[in-house]
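Structure, as structure tokens:
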2 protein chains.
Amino acid sequence: MILEKIQNSDQPLCAQQIYEEMKEALDLATVYRGLKYLEENSEISSFLLDCSERGVERYYSSFFAHHKHYMHCMACHRFTPIDTCPLGGFESLEKKTGFRIDEHFLTLKGLCKKCQNK
Amino acid sequence: MILEKIQNSDQPLCAQQIYEEMKEALDLATVYRGLKYLEENSEISSFLLDCSERGVERYYSSFFAHHKHYMHCMACHRFTPIDTCPLGGFESLEKKTGFRIDEHFLTLKGLCKKCQNK
DNA sequence: AAGTTTTTGCAACTGATTTGCATAAATTAT
DNA sequence: ATAATTTATGCAAATCAGTTGCAAAAACTT
Ligand SMILES: [Mn+2]
Ligand SMILES: [Mn+2]
Ligand SMILES: [Zn+2]
Ligand SMILES: [Zn+2]
């Protein structure tokens, strides 16, 4: 159920949002346990969002959307996906610093098209 | 005191780390209040780090280091600063999506030089 | 020194997430 | 199909970073 909800959404969802729509069927603790299980089994992936209005929440999206980046609208709080990762090769940075980069997380914030025209 | 500690550190620091070194002088709540004040007055800036070992914590660095990005070592948990922001112009992305990008946050994770050679 | 404002410590609270525990549901063995 | 065993669930309590109320302490004004 939880997996389907996430797969059928065009937006990353947080635990509360998933719970809202199934509160008659599932307890919040069960939602969290389900999300944990799904993430451990690589069916979904998550990232933290630090939103000035809504605070810090973890958002989940289906795994095939793994390593996708989003732009977060600070007005409507929706995510706009970015098709191509704007981060290119880190080779020169790695060579220069000796650091081996394994993962990167990028969050863009601003105003979506709709919210600008208001 | 808090501001000095942050300015004199080569690493972003979290509330706990700052508190550790002044626990005889300051209460943790006072540290948090100080950090809030300093950030509101743009003397420091902060970012969230989601570390698989240490959990989610907010790290603070002096404001002149604002808009700096770091690579976080997953072994020693230290930050290596990146001198030049690897993110170039978002103009084409903005034009294509209509989204207006105001801020961006980037976290790189991996293994620092030292930790690789162990 | 007395009155006023600001800062502090401490404890209680918050909100997201996790956990213990006893029960319910699903599986497997008899 | 029935009893024994395993797994999933609800609910409440715990956790953890961070915040807040409140009364006492410190700093500032008069
Ligand atoms: Mn990327
Ligand atoms: Mn940048
Ligand atoms: Zn919007
Ligand atoms: Zn390291």
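Worth knowing before you read on, the calculation uses all heavy atoms, side chains too, and leaves out hydrogens, waters and symmetry mates. From a predicted model like this one, the values you see are computed outputs, not experimental measurements. Chain letters run A, B, ... following the sequence lines, proteins first and then strands; every chain starts at 1.
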Nucleotide nearest [X] when distance is taken to its side chain, options [options]:
{"X": "A:Arg33", "options": "C:dC21, C:dT17, D:dT19", "value": "C:dC21"}
{"X": "A:Ala29", "options": "D:dG18, C:dC10, D:dA12", "value": "D:dA12"}
{"X": "A:Asp27", "options": "D:dC11, D:dG18, C:dC10", "value": "D:dC11"}
{"X": "B:Thr30", "options": "C:dT17, D:dG10, C:dT8", "value": "C:dT8"}
{"X": "B:Lys36", "options": "C:dT17, C:dG9, D:dT20", "value": "D:dT20"}

Would you kindly give the [atom1]-to-[atom2] distance between [X] and [N], to the nearest whole Å?
{"X": "A:Leu38", "N": "D:dA8", "atom1": "CG", "atom2": "P", "answer": "12 Å"}
{"X": "A:Leu28", "N": "C:dA16", "atom1": "CG", "atom2": "P", "answer": "9 Å"}
{"X": "B:Leu35", "N": "D:dA17", "atom1": "CG", "atom2": "P", "answer": "14 Å"}
{"X": "B:Phe47", "N": "D:dG18", "atom1": "CZ", "atom2": "P", "answer": "12 Å"}
{"X": "B:Ile2", "N": "C:dT7", "atom1": "CD1", "atom2": "C1'", "answer": "12 Å"}
{"X": "A:Met1", "N": "D:dA8", "atom1": "CE", "atom2": "P", "answer": "16 Å"}
{"X": "A:Arg54", "N": "C:dT17", "atom1": "CZ", "atom2": "P", "answer": "14 Å"}
{"X": "B:Gln16", "N": "D:dT15", "atom1": "CD", "atom2": "C1'", "answer": "13 Å"}

Quiz item: Looking at A:Arg78 and A:Asp10, what are the two nearest heavy atoms and their distance?
Solution: NH2-OD2, 3.5 Å
Exercise. For residues A:Tyr60 and A:Glu39, report the shortest heavy-atom separation together with the two atoms involved.
Key: CE2-OE1, 3.7 Å
Self-check item: Validation row: A:Gln17, A:Ser9 side chains within 4.5 angstrom (heavy atoms)
Solution: no
Exercise. Would you indicate whether the side-chain heavy atoms of A:Leu49 and A:Glu57 approach each other to under 4.5 Å?
Key: no
Exercise. Using a cut-off of strictly less than 4.0 Å, decide whether B:Tyr32 has a side-chain nitrogen or oxygen near OP1 or OP2 of D:dG18.
Key: yes
Quiz item: What's the verdict on ring pair (Phe, Tyr, Trp, His ring centres under 6.0 Å) for A:Phe47 and A:Tyr70, showing C-alpha distance, side-chain angles and the deciding distance?
Solution: CA-CA 10 Å; A:Phe47 61 91; A:Tyr70 301 89; 5.8 Å; yes
Quiz item: Looking across every strand, which nucleic acid part, if any, lies under 4.0 Å from B:Leu26 by heavy atom: base, sugar-phosphate, or nothing?
Solution: sugar-phosphate
